[in-house]
**Student:** 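The structure's right below; bear with me while I get my questions together.
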2 protein chains.
Amino acid sequence: MMLRAEAKSLMQERILRSADRLFYAHGIQAIGVDTIAADVGISKRTLYNHFPSKADLIRAYLERWSQPPASTELPPAERILAEFDRLERTFSQPSYRGCPFINAVAEAAEPADELTRLAIDFKKARRRWFASCLAELGVPDPERLATQMMLLVDGAVATMLVQGDASIARAARDAAEVLLTAAGVAARRPRVSHGEA
Amino acid sequence: MMLRAEAKSLMQERILRSADRLFYAHGIQAIGVDTIAADVGISKRTLYNHFPSKADLIRAYLERWSQPPASTELPPAERILAEFDRLERTFSQPSYRGCPFINAVAEAAEPADELTRLAIDFKKARRRWFASCLAELGVPDPERLATQMMLLVDGAVATMLVQGDASIARAARDAAEVLLTAAGVAARRPRVSHGEA
DNA sequence: GGAAAAGTATACAGGTCGGTGCAATGATGC
DNA sequence: GCATCATTGCACCGACCTGTATACTTTTCC
């Protein structure tokens with residue numbers, strides 16, 4: 001009824017779902033493989049058959065988070081601001097506990113390990129997403145502004161992690177609007193597009 | 001020759017210096033009390049005579065970092081921007097590894113413990129420092145702008161932790177200048193103060 | 001039906017962790 | 001000098017960690 005490969009990848013998905021929830025909620029170091037196996041409802045031996053070491057599990061956990069943001073059909077300026085709105089919705093989930101990449105780097109004992117590379121790739125991809133929106137807008141220096149957007153996002157993430165107040169996302173959005181406006185983007189009233197070029 | 005109390009606090013200082021270096025460089029969870037005792041050159045028993053548990057040591061470690069930034073005699077606008085310059089110098093130290101409070105919260109297994117309260121107090125104090133500078137400048141909404149400054153600082157700290165590029169501090173400073181200017185602060189050429197109010 | 005694969009439970013190895021007990025040694029204060 | 005305190009080394013505890021070994025049962029494929 002079910003092919004071996006299907007069953008295998010399905011089990012891997014179950015394991016990764018548990019690992020994701022537990023690693024993210026309590027930290028990578030704080031969660032042992034026994035806890036994950038018990039949460040999935042499998043034996044530890046089975047878990048090690050699917051992931052030969054905890055490091056592999058951690059890597060798969062972070063790679064699962066490396067998906068780019070879903071692209072929308074909004075015009076680029078609103079697309080950027082909508083990203084901050086999405087941030088606020090994410091913050092409002094009670095399970096929110098910061099950026100898994102930043103957290104992983106923060107609790108890594110060795111500074112330059114493989115997790116750091118994954119985190120850098122993730123951040124660079126997000127920055128590139130901002131940069132492409134900004135290039136589409138025709139701002140003078142999209143790279144510079146993309147870095148500033150990332151500063152606001154990561155600042156909001158860190159603040160949310162510590163303070164636990166989701167309204168910081170709105171503050172970041174406000175700052176982003178000011179920076180966009182200062183760069184020549186008419187973002188505040190996008191539907192009014194007659195005259196103030 | 002040396003009073004008991006002096007010797008005691010001196011030993012506590014030695015312990016805290018080692019704990020600070022090791023906790024900050026490798027993370028709180030990754031460093032055991034044995035490692036700290038060996039680094040100080042004392043027995044584990046002596047360490048436990050000065051700090052009855054590892055949690056006390058962690059608390060003392062974070063409280064050591066809770067000092068406010070040294071106030072300078074610069075005018076408030078430059079005082080704020082000088083804070084970003086100080087950030088860049090801090091980033092350039094090879095031992096830099098992010099904000100100890102954010103890192104502590106990121107690697108804490110339980111979300112709402114005592115460390116979080118210390119981290120919140122620290123961040124609020126820094127934010128208040130920005131707010132007082134901005135109030136001195138007479139900007140319309142110093143609280144709002146102080147939050148934005150903190151977003152840039154924490155964003156730069158997180159980015160520096162992951163990417164390891166100290167120039168992000170300059171990007172944060174640039175963004176801060178834009179936000180200050182947009183709020184009515186003439187910050188870019190402070191010495192030219194004739195006419196453009 | 002029967003072999004091969006994958007799952008199970010249990011136990012264990014070898015290590016580190018935070019924290020304690022204890023006897024002995026050294027320094028300090030009066 | 002003597003009592004007191006700090007410190008030491010070392011063994012030890014129980015708990016937890018990653019990872020493995022064994023032996024048994026279930027499922028799947030042909």
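In what follows, every chain begins at residue 1, and chains take the letters A, B, ... in the order their sequences are listed. No experiment lies behind these values; they were computed from the predicted model shown.
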**Student:** Answer yes or no: is there a side-chain heavy-atom contact under 4.5 Å between Arg59(B) and Phe51(B)?
**Tutor:**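 No, too far: nothing below the 4.5 Å cut-off.
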**Student:** Using a strict 4.0 Å threshold on nitrogen-to-oxygen distance, state whether Glu136(A) and Arg79(A) make a salt bridge.
**Tutor:**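 Answer for the salt bridge query: yes.
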**Student:** Given atom NE2 of His50(B) and atom P of dT20(C), what is their separation to the nearest angstrom?
**Tutor:**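 It works out to 16 Å between those atoms.
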**Student:** Atom CD of Glu63(A) and atom CD1 of Ile58(A): how far apart are they, to the nearest 0.5 Å?
**Tutor:**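 The CD1 atom of Ile58(A) is 12.0 Å from CD of Glu63(A), to the nearest 0.5 Å.
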**Student:** Measure the distance from CG on Leu47(A) to C1' on dA6(C) and round it to the nearest whole Å.
**Tutor:**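 Value for this atom pair: 14 Å.
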**Student:** For a quick test of reading the model: is some side-chain N or O of Ser53(B) closer than 4.0 Å to OP1 or OP2 of dG18(C)?
**Tutor:**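 No, Ser53(B) has no side-chain N/O under 4.0 Å of OP1/OP2 on dG18(C).
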**Student:** Would you sort out whether Thr159(B) and Asp165(B) count as a side-chain contact (heavy atoms from CB on, under 4.5 Å), showing the intermediate values?
**Tutor:** CA-CA 8 Å; Thr159(B) 305; Asp165(B) 180 9; over 6 Å; no
**Student:** Rounded to the nearest Å, what distance is computed from the CZ atom of residue Phe51(B) to the P atom of nucleotide dG19(C)?
**Tutor:**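 In whole Å, dG19(C) P and Phe51(B) CZ are 13 Å from each other.
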**Student:** Between dA6(C) atom P and Ile15(A) atom CD1, what is the distance in whole Å?
**Tutor:**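 Those two atoms, CD1 and P, are 13 Å apart.
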**Student:** Nearest whole Å is fine: how far is dT28(D) P from Met11(A) CE?
**Tutor:**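 Taking CE of Met11(A) and P of dT28(D), I get 12 Å after rounding.
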**Student:** Output one letter per nucleotide in nucleotides 10-17 of chain C: B when a protein non-hydrogen atom lies under 4.0 Å from the base, S when only the sugar-phosphate is that close, - when neither is.
**Tutor:** --------
**Student:** Expressed as a whole number of angstroms, how long is the span from Arg14(A):CZ to dA6(C):P?
**Tutor:**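 After rounding, the gap between these two atoms is 16 Å.
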**Student:** Determine, step by step, whether Arg127(B) and Glu143(B) satisfy the side-chain contact (heavy atoms from CB on, under 4.5 Å) criterion, reporting the C-alpha distance in whole Å, the side-chain angles of both residues, the deciding distance to 0.1 Å, and the verdict.
**Tutor:** CA-CA 8 Å; Arg127(B) 188 179 164 284; Glu143(B) 299 296 328; 3.1 Å; yes
**Student:** Closer than 4.0 angstrom, basic N to acidic O: yes or no for Asp121(A) and Lys124(A)?
**Tutor:**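 Judged by the 4.0 Å cut-off on N to carboxylate O distance, Asp121(A) and Lys124(A) do not form a salt bridge.
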**Student:** Show every side chain to side chain donor-acceptor pair (under 3.5 Å) that has at least one partner inside residues 88-101 of chain B, sequence neighbours left out.
**Tutor:**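 Checked against side chain to side chain donor-acceptor pair (under 3.5 Å) - neighbours excluded - the pairs reaching residues 88-101 of chain B are Glu88(B)-Arg170(B).
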**Student:** Could you state the interatomic distance from CG (Leu134(B)) to CZ (Arg144(B)), rounded to the nearest 0.5 Å?
**Tutor:**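 That separation rounds to 12.0 Å.
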**Student:** So for the helix from dG1(C)-dC30(D) to dC30(C)-dG1(D), with five pairs setting each end axis, what is the inter-axis angle to 10°?
**Tutor:**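 Between the axes fitted at each end of the helix from dG1(C)-dC30(D) to dC30(C)-dG1(D) lies an angle of 20°.
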**Student:** Determine, step by step, whether Asp113(A) and Thr116(A) satisfy the side chain to side chain donor-acceptor pair (under 3.5 Å) criterion, reporting the C-alpha distance in whole Å, the side-chain angles of both residues, the deciding distance to 0.1 Å, and the verdict.
**Tutor:** CA-CA 6 Å; Asp113(A) 56 355; Thr116(A) 305; 3.1 Å; yes
**Student:** What is the distance from OH of Tyr48(A) to P of dA5(C), rounded to the nearest Å?
**Tutor:**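 Computing the Tyr48(A):OH to dA5(C):P distance gives 24 Å.
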**Student:** Could you check how far CZ of Phe23(A) sits from P of dC17(D), rounded to whole Å?
**Tutor:**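 For the pair Phe23(A) CZ and dC17(D) P, the rounded distance is 11 Å.
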